[in-house]
Every structure is written in C-alpha cells, then in structure tokens.
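Read the structure below first, then the notes.
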2 protein chains.
Amino acid sequence: MNEANIYKALGDPIRLEMIKRLAHGNDYTISALSSDLGITRQGARKQLQVLVSVNLVRLKQQGRETKVHLDVKTLNIAQQFIAKLERQWESRLLALKDFAEKPQGH
Amino acid sequence: MNEANIYKALGDPIRLEMIKRLAHGNDYTISALSSDLGITRQGARKQLQVLVSVNLVRLKQQGRETKVHLDVKTLNIAQQFIAKLERQWESRLLALKDFAEKPQGH
DNA sequence: ACATTAAGCAACCTTTTGGTTGCATTTTAA
DNA sequence: TTAAAATGCAACCAAAAGGTTGCTTAATGT
C-alpha cells in the first residue's frame with residue numbers, strides 16, 4: 001500500500017531485469033522469464049512474487065504454464081511520483097530565485 | 001553504479017520521507033531532517049547515508065552543522081528510466097495492434 | 001503409457017538491513 | 001569557560017532478504 005514498496009520492488013537487479021524484459025519482450029512464461037538470470041528457477045520465482053505483490057506484474061495461468069505481463073499502470077505511478085518531487089523542487093528553486101531578484105527593500 | 005540501487009534507496013519509507021521533505025523544504029540540517037521520523041538520530045543518519053551513497057543527496061558541512069540537499073539530477077535519472085520502460089511497452093503494444101489490424105495475408 | 005515440462009511449496013542457510021545504545025569530538029552560545 | 005548542540009563512530013541485535021536444495025503435482029507431447 002506504500003509508494004516506497006514499488007521502488008523497493010524495482011530496487012533489485014534481478015527484479016529490474018525482469019521488468020526490462022517484460023517491457024520490450026513478448027508474452028513471457030514464468031520459466032522463460034526466469035532463465036539466464038544467474039539464479040535458480042525457484043529463486044527467480046520468489047523475486048517474481050515480489051513484483052506481483054506490488055502489482056508491477058500480473059500472472060495468468062494457461063494450462064500448465066503461467067504467463068507474466070507487466071502492469072504498466074503501477075510503473076506509471078512510480079514515475080509520476082518522482083516527477084512530482086522534481087516539480088516541487090523546481091518551484092522551490094524558482095521561489096528562491098524570485099526572492100533574490102526582487103528584494104522587498106528595507 | 002547500478003540503476004537498481006537508486007530505486008533501492010528510495011524503497012524505504014523513512015528514506016522516501018527524507019526525500020519528500022528535501023523536495024519541498026528549505027535547507028535542512030542533518031538533525032532537522034532526522035527529527036520526527038520515529039527512529040533515533042543515529043538510525044536516521046544511517047538511512048541518510050544510503051541516500052548519499054547513491055547520490056540522491058549531498059552533504060555540506062558548515063561549522064558544527066551539516067546541510068543536506070537533494071541532487072535532483074539523480075532523481076531525474078530514475079524517473080527517465082521508468083519513462084523509457086513505459087515507452088518501450090507502449091511501442092510494443094502498438095506493434096501488436098498494427099499486426100492485428102493489417103494482416104499480411106500470405 | 002510414459003517421459004518431460006511447467007510449476008508450486010517448504011525448510012534451510014547466510015548476508016544485509018534497520019535499528020539500537022553508548023561514547024567521543026567539535027563547534028557555538030551564555 | 002562551561003554547557004549545550006550537532007555530529008560521528010562502533011558494537012551489537014533481531015528481522016528480513018536473497019538464495020539454495022529437495023520434493024510434489026499437474027499438463028502435455030510422443
């Protein structure tokens with residue numbers, strides 16, 4: 001429920017790699033997504049579950065396999081939030097600049 | 001050196017709260033930034049160090065106090081990266097849509 | 001039918017993380 | 001010149017994270 005959890009989920013090289021793959025790849029199964037990550041399938045599955053738990057990723061079972069797909073909406077929440085922080089920062093800088101340029105004399 | 005480290009740093013409620021404060025507040029000292037977080041000053045200092053270590057934040061000593069300020073450039077790297085993932089996702093969806101709409105009937 | 005593939009689950013282990021207490025140091029205010 | 005303020009540093013601790021092995025089950029291809 002916390003914004004921090006989304007960043008936390010992105011904050012691991014294996015999980016981030018999964019997200020990268022999903023962002024430009026096609027229709028991964030859990031196995032395909034878990035391969036060539038340098039860890040076991042079971043290890044990868046645990047990492048994948050972290051992504052699921054914060055809704056960065058959704059699972060859909062199809063027969064014996066399970067497809068993984070990105071939930072770009074959650075990704076967008078994360079991106080928007082950082083963008084908002086940046087805007088706050090900018091407007092604060094602007095305020096300071098205005099103050100410096102138009103000193104209210106006495 | 002890894003992108004994931006930036007998200008990891010943001011992925012803790014206390015560290016994220018610090019970033020929020022810095023984004024719209026003025027010129028925090030370490031002590032001011034560390035107050036009312038629900039943990040000790042020393043605990044907060046350790047969290048702050050995590051932000052420093054990924055360059056989300058910079059420290060500047062002034063006499064007995066140390067000022068903390070945001071490095072918005074690093075924040076921007078994080079934001080741009082997510083935005084890029086989103087664009088990849090969009091263009092992939094678009095490609096699938098085109099394929100469906102203009103079948104290359106052999 | 002049988003082997004293989006895709007996956008789940010649990011126990012276990014090591015390292016990292018998040019936090020604490022306690023004490024030392026330096027700068028500044030009274 | 002002494003007290004308070006701002007900070008640093010280290011040892012320690014519990015819990016969480018990241019990963020493994022081993023075993024089970026359910027679908028599917030041959």
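Below, chains carry the letters A, B, ... as their sequence lines are ordered, and counting in each starts from 1. As a basis for the values below, the full set of heavy atoms in this structure was taken, side chains included, without hydrogen atoms, waters or symmetry mates.
- Between A/Thr66 and the phosphate of C/dA6, there is no side-chain N or O to OP1/OP2 separation shorter than 4.0 Å.
- Among the heavy atoms of the strands, none lies under 4.0 Å from A/Lys67.
- Between A/Lys46 and the phosphate of C/dG8, there is no side-chain N or O to OP1/OP2 separation shorter than 4.0 Å.
- A/Met18 places a side-chain heavy atom less than 4.5 Å from the side chain of A/Leu51.
- In this structure, A/Ser31 reaches the sugar-phosphate backbone alone: every heavy-atom distance under 4.0 Å involves primed, P, OP1 or OP2 atoms, never a base.
- Within 4.0 Å of B/Gly63, counting heavy atoms only, lie sugar-phosphate atoms of the nucleic acid but no base atom.
- When the nucleotides C/dA7, D/dT21, D/dG18 are ranked by their closest atom to the side chain of A/Arg15, D/dG18 comes out on top.
- When each of A/Glu65 and B/Ile30 is assigned the nucleotide of DNA chain D with its nearest heavy atom, B/Ile30 is the one assigned upstream, toward the 5' end.
- Nucleic acid contact for B/Arg45: sugar-phosphate only, since backbone atoms but no base atoms lie under 4.0 Å from a heavy atom of the residue.
- Mapping A/Thr29 and A/Lys8 onto DNA chain C via the closest heavy atom, the residue that lands nearer the 5' end is A/Thr29.
- For B/Gln42, the side-chain atoms get nearest to D/dC9 when compared with the rest of D/dA5, D/dC9, D/dT20.
- Residue B/Thr40 places at least one side-chain N or O closer than 4.0 Å to OP1 or OP2 of C/dT20.
- In terms of hydrophobic clustering, with Ile, Leu, Val, Met, Phe, Trp and Tyr side chains grouped at heavy-atom distances under 4.5 Å, B/Leu16 and B/Leu48 are assigned to a common cluster.
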Item to check | Stepwise side chain to side chain contact (heavy atoms under 4.5 Å, CB included) check, A/Thr29 with A/Lys67 | outcome: CA-CA 4 Å; A/Thr29 64; A/Lys67 294 292 181 60; 4.0 Å; yes

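- Between B/Gln47 and C/dG19 there is a side-chain polar atom (N or O) within less than 4.0 angstrom of OP1 or OP2.
- Residues B/Glu3 and A/Lys20 are paired through a salt bridge, judged by an N-O separation under 4.0 Å between the basic side chain and the carboxylate.
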